[in-house]
Number of protein chains: 2
Amino acid sequence: MSTLPDKTVERLSQYRRNLLICDAKGKEHIFSHEIANIHHITPVQVRRDIMLIGYTGTLRKGYNVKELVELIGQILDKPEGQNVAIVGAGNLGRALIKYFVNRRKNLQIVAAFDIHPEKIGTSLVGVEVYPLDQLKQIVKEKNICIGIICVPVNEAVPVTALLVDAKIKGILNYTPRPVNVPENVYLEENDMVTSLEKVAYFAKNKN
Amino acid sequence: MSTLPDKTVERLSQYRRNLLICDAKGKEHIFSHEIANIHHITPVQVRRDIMLIGYTGTLRKGYNVKELVELIGQILDKPEGQNVAIVGAGNLGRALIKYFVNRRKNLQIVAAFDIHPEKIGTSLVGVEVYPLDQLKQIVKEKNICIGIICVPVNEAVPVTALLVDAKIKGILNYTPRPVNVPENVYLEENDMVTSLEKVAYFAKNKN
DNA sequence: TCTCCTTTGTTAATTAACAAACAAAGTTAA
DNA sequence: TTAACTTTGTTTGTTAATTAACAAAGGAGA
């Protein structure tokens with residue numbers, strides 16, 4: 001499968017999460033307009049996304065929930081799983097760990113890193129905190145391919161360098177400092193300050 | 001000024017943050033390609049954004065840093081400021097408060113809300129925690145127009161209803177549950193699970 | 001049986017976002 | 001003085017994303 005559009009990938013992730021809830025409720029089939037309502041998009045968008053992954057529903061019954069979840073899994077997940085590291089064991093790091101622990105078999109947070117000596121060796125919801133200078137070694141040992149940066153803003157750049165040096169394949173940067181990565185690393189920036197300023201701008205124009 | 005494109009607003013917010021750093025370093029002028037390098041975009045994009053807000057630089061010197069910061073402020077900020085509430089005083093709420101406190105004069109977090117009795121009345125970095133059932137009243141008293149949702153996922157929907165009822169104008173939702181708002185409220189969803197799954201998908205395809 | 005209705009799957013059109021191209025203007029240097 | 005260079009501002013083209021449009025299929029109900 002050639003790589004899917006950015007936005008489609010995001011939506012598939014969201015669809016799956018709600019499909020799992022539907023499945024847990026015993027719902028066997030779902031229509032495109034039901035999915036659309038949950039996510040505030042159009043049914044056409046949903047059908048288009050599903051078309052792109054090559055699934056096909058049945059007329060008048062819609063999509064089989066279990067089958068669709070299964071297929072989205074085949075698209076999004078790596079069969080052997082992917083291990084994730086949190087860099088920065090502050091409030092945000094802890095929030096992320098709590099969110100993810102025991103949620104997804106195929107995407108597990110297996111290590112946290114921090115620079116503060118008093119945090120080293122402690123465990124956050126079962127995830128051990130290692131010193132930053134062991135990052136490269138632990139990444140290799142634990143076969144980690146994704147890093148989430150949630151350190152204070154000034155450390156974003158050096159931490160990125162560490163992750164790149166450790167041969168990480170994907171980085172999710174939660175600091176407001178834009179960072180640089182080479183071609184062979186996927187980078188996603190998620191800047192909370194910008195998100196809030198954006199909401200503020202558009203809220204300003206609401207009656 | 002008619003409302004700017006979504007993406008332009010995001011970039012202006014980011015430009016400003018780095019321009020302030022430049023200003024603090026005493027840099028008076030900056031070229032479009034310098035801004036572009038910092039943010040990993042093209043100089044053309046930068047010039048286009050700046051064109052959209054009607055600023056004009058000087059040939060061979062570039063843009064005046066102070067003037068540009070000032071103008072972006074006029075575009076993005078509300079002169080009388082905007083007050084923000086955090087709903088959910090967990091790890092993520094604390095992370096956000098720490099991020100924002102004393103950062104921006106025009107965008108201040110003035111209250112936090114939580115459902116757990118033991119948190120009520122405590123103060124996080126100077127921001128007091130109120131019980132959830134006082135939300136409407138406090139929002140009115142403190143003239144809050146933006147709410148950031150960082151409660152556990154199951155409470156996202158009822159909390160949104162509370163915020164809408166309290167006549168909030170903008171909502172930033174950090175839970176993975178999509179929520180519904182009426183026309184006159186701006187909603188931004190920022191789902192960490194999706195962000196991570198997206199990174200995982202694209203990282204999978206890196207060599 | 002036949003018509004209408006619902007819902008999918010797909011193509012076509014539109015819109016939004018980004019990038020390329022280049023004229024204009026002023027600076028430097030020969 | 002004049003030619004080359006730099007950098008902005010704007011137009012035009014291109015790519016990506018969304019929306020609109022509609023054929024096909026297969027019930028439901030008259």
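Just so you know, these numbers use all the heavy atoms, side chains as well, and skip hydrogens, waters and symmetry mates. We name chains A, B, ... by the order of the sequence lines, and we start the count at 1 in each one.
Nearer the 5' end of DNA chain C, as judged by each residue's closest nucleotide, is the contact made by A:Tyr63, out of B:Asp6 and A:Tyr63.
For A:Lys61, the side-chain contact (heavy atoms from CB on, under 4.5 Å) partners two or more places apart in sequence, or in a different chain, are A:His29, A:Thr58. Annotation: salt bridge (charged side-chain N to carboxylate O under 4.0 Å, His left out) contacts of B:Lys198 (sequence neighbours excluded): A:Asp6, A:Glu10, A:Glu188. Under the rule for a ring-ring contact (aromatic ring centres under 6.0 Å, His included), B:Phe100 has no partner lying at least two apart in sequence or in another chain. Residues satisfying the side-chain contact (heavy atoms from CB on, under 4.5 Å) criterion with A:Asn180, sequence neighbours excluded, are B:His40. Partners of A:Tyr99 according to the ring-ring contact (aromatic ring centres under 6.0 Å, His included) rule, which considers only residues two or more places apart in sequence or in another chain, do not exist here. For the salt bridge (charged side-chain N to carboxylate O under 4.0 Å, His left out) test, residues two or more places apart in sequence or in another chain that qualify with B:Lys27 are B:Glu34. B:His33 pairs by the ring-ring contact (aromatic ring centres under 6.0 Å, His included) definition with B:Phe31, not counting sequence neighbours. Looking at residues two or more places apart in sequence or on another chain, you find a side chain to side chain donor-acceptor pair (under 3.5 Å) between A:Asp191 and A:Thr194, B:Arg17.
Rounded to an integer number of Å, the gap from NE2 of B:His33 to P of C:dA19 is 17 Å. As rounded to whole Å, 12 Å separates atom P of C:dT7 from atom CG of A:Asn37. Taking atom OH on A:Tyr55 and atom P on C:dT10, their separation rounds to 14 Å, with Å as the unit. The CE atom of A:Met51 sits 7 Å away from the P atom of C:dT11 (whole-angstrom rounding). Going from atom CG of B:Asp49 over to atom P of D:dT10 covers 14 Å, rounded to whole Å. The CG atom of A:Leu52 sits 11 Å away from the P atom of C:dT11 (whole-angstrom rounding).
OP1 and OP2 of D:dT7 both lie 4.0 Å or more from every side-chain N or O belonging to B:Ser32.
Of all the residues in residues 7-19 of chain B, not one reaches under 4.0 Å from DNA chain D with any non-hydrogen atom. Taking every heavy atom of residues 180-187 of chain B and every atom of DNA chain D, no pair lies under 4.0 Å.
When side chains are defined from C-beta on, B:Phe202 counts as touching A:Val9, because their heavy atoms get closer than 4.5 Å. A:Leu76 is listed as a side-chain neighbour of A:Ser13, based on a closest heavy-atom distance under 4.5 Å.
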Can you give me every donor-acceptor pair (side chain of residues 154-164 of chain A, partner residue at least two apart or in another chain, under 3.5 Å) with its distance?
from     : atom 1 : to       : atom 2 : distance (Å)
A:Thr160 : OG1    : A:Ala156 : O      : 2.7

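Heavy atoms of B:Pro5 sit under 4.0 angstrom from primed sugar atoms or phosphate atoms, though from no base atom.
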Table of protein N/O atoms under 3.5 Å from nucleotides 19-30 of chain D N/O atoms:
from   : atom 1 : to      : atom 2 : distance (Å)
D:dT19 : O4     : A:Arg48 : NE     : 3.3

